[in-house]
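Positions are given from 1, in the same order as the sequence printed here.
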Amino acid sequence: QEQLGESGGGSVQAGGSLRLSCAASGRTFRNYGMGWLRQAPGKEREFVAGISWRGGSEYYTDSVKGRFTISRDDAKNTVYLQMNSLKPEDTAIYYCAAGSYFSSPRAMGHFDSWGQGTQVTVSS
């Protein structure tokens with residue numbers, strides 16, 4: 001059974017940076033698109049970033065473009081989310097998510113499993 005384990009969340013001041021990591025197991029990692037979702041208090045879960053199964057394409061929601069970078073290391077079965085210039089509105093639980101086989105996930109509906117999440121809190 002597939003498992004996704006996030007780490008790297010925490011509390012930072014506005015303008016700061018965090019790097020989230022997600023270790024995956026249970027499937028042939030390199031063959032699947034991966035991504036990150038987030039859910040802020042009182043809001044629905046939303047797409048943040050996605051990376052294609054070969055890592056050649058990246059996708060971002062408009063609000064994080066230019067500030068967040070998604071990457072993957074297939075040798076380590078790990079996907080990362082580098083978050084710079086953080087804003088209070090980035091405060092949320094961040095979930096690592098796995099897409100389907102040979103996918104290029106760019107929206108919420110393109111993912112079929114996710115982890116338990118890690119909390120990111122940005123103070124002003």
Side-chain angles (χ1 to χ4, degrees):
Q1 185 174 356
E2 177 185 63
Q3 290 187 332
L4 299 171
E6 304 94 337
S7 61
S11 298
V12 295
Q13 291 190 327
S17 298
L18 283 173
R19 188 193 195 202
L20 305 183
S21 299
C22 171
S25 62
R27 57 164 74 177
T28 306
F29 180 79
R30 65 181 181 275
N31 290 339
Y32 291 84
M34 298 294 295
W36 292 89
L37 313 174
R38 69 184 179 187
Q39 187 165 17
K43 295 187 177 181
E44 294 186 352
R45 194 169 299 186
E46 65 173 353
F47 169 80
V48 177
I51 188 166
S52 62
W53 66 283
R54 286 183 173 177
S57 297
E58 302 167 20
Y59 311 95
Y60 301 94
T61 192
D62 286 346
S63 63
V64 308
K65 285 180 180 177
R67 300 188 298 121
F68 291 12
T69 303
I70 188 171
S71 61
R72 63 189 296 159
D73 185 338
D74 290 345
K76 296 181 178 180
N77 285 7
T78 301
V79 62
Y80 305 96
L81 186 67
Q82 178 66 44
M83 305 185 295
N84 298 329
S85 301
L86 281 161
K87 304 176 181 180
E89 51 263 45
D90 294 318
T91 295
I93 299 174
Y94 283 71
Y95 299 89
C96 175
S100 57
Y101 205 57
F102 293 155
S103 66
S104 297
R106 63 193 78 182
M108 271 292 299
H110 294 173
F111 299 97
D112 53 24
S113 62
W114 41 84
Q116 295 296 311
T118 184
Q119 177 70 48
V120 171
T121 303
V122 185
S123 57
S124 57

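The closest side-chain heavy-atom distance from V122 to E89 is not below 4.5 Å. S113 has its side chain within reach of R27: a pair of non-hydrogen atoms, C-beta onward, lies under 4.5 Å apart. Counting heavy atoms from C-beta on, the side chains of D90 and M83 never come closer than 4.5 Å. Using a 4.5 Å heavy-atom threshold, the side chains of D112 and S100 count as touching. Side-chain contact between Y60 and R67 is absent, with no heavy atoms from C-beta onward closer than 4.5 Å.
Summarising the geometry of G33 relative to S103, their closest heavy-atom pair is N-OG, 3.3 Å, with the distance given to 0.1 Å. Residue I93 comes nearest to G117 through the heavy atom pair CG2-CA, 3.8 Å, listed as atom of the first residue, atom of the second, then distance. Across W53 and D74, no two heavy atoms sit closer than the pair O-OD2, 4.2 Å. Contact record, P88 with S124: CG-CB, 3.9 Å, taken as the closest heavy-atom pair. In terms of heavy atoms, D62 sits closest to K65 at OD1-NZ, 3.0 Å. The two atoms that bring A49 and F111 nearest to each other are O-CZ, 4.3 Å, heavy atoms only.
Between the R45 side chain and the M108 main chain, no donor and acceptor come within less than 3.5 Å of each other. Side chain of R72 to backbone of S52: a donor-acceptor contact under 3.5 angstrom is found.
Note: the hydrophobic cluster containing V120 also contains F68 (ILVMFWY, side chain heavy atoms under 4.5 Å, direct or indirect links). Under the 4.5 Å side-chain contact rule for hydrophobic residues, W36 and Y95 do not share a cluster. Following chains of ILVMFWY side-chain contacts shorter than 4.5 Å, one cannot reach Y80 starting from F47, and the two form parts of different hydrophobic clusters. In this structure, I51 is a member of the same hydrophobic cluster as Y94, with clusters built from ILVMFWY side-chain heavy atoms closer than 4.5 Å. The hydrophobic cluster containing V12 also contains V48, counting ILVMFWY residues as joined when their side-chain heavy atoms lie under 4.5 angstrom apart, directly or transitively.
To the nearest 0.5 Å, atoms OG1 (T91) and CZ (R38) are separated by 9.0 Å. The CG atom of L4 lies 7.5 Å from the OG atom of S25; values are rounded to the nearest 0.5 Å. Here CZ of R54 is found 10.0 Å from OG of S104. Values are rounded to the nearest 0.5 Å. Here the CD-OG distance, from Q82 to S21, works out to 9.5 Å after rounding to the nearest 0.5 Å. The CD atom of E6 sits 5.5 Å away from the SG atom of C22 when rounded to the nearest 0.5 Å.
Residue Q119 places its CD atom among more than 12 non-hydrogen atoms of other residues, nucleotides or ligands, all under 6.0 Å distant.
Checked options L20, T69, L18; the residue passing with L81 is L20 (criterion: side chain to side chain contact (heavy atoms under 4.5 Å, CB included)).
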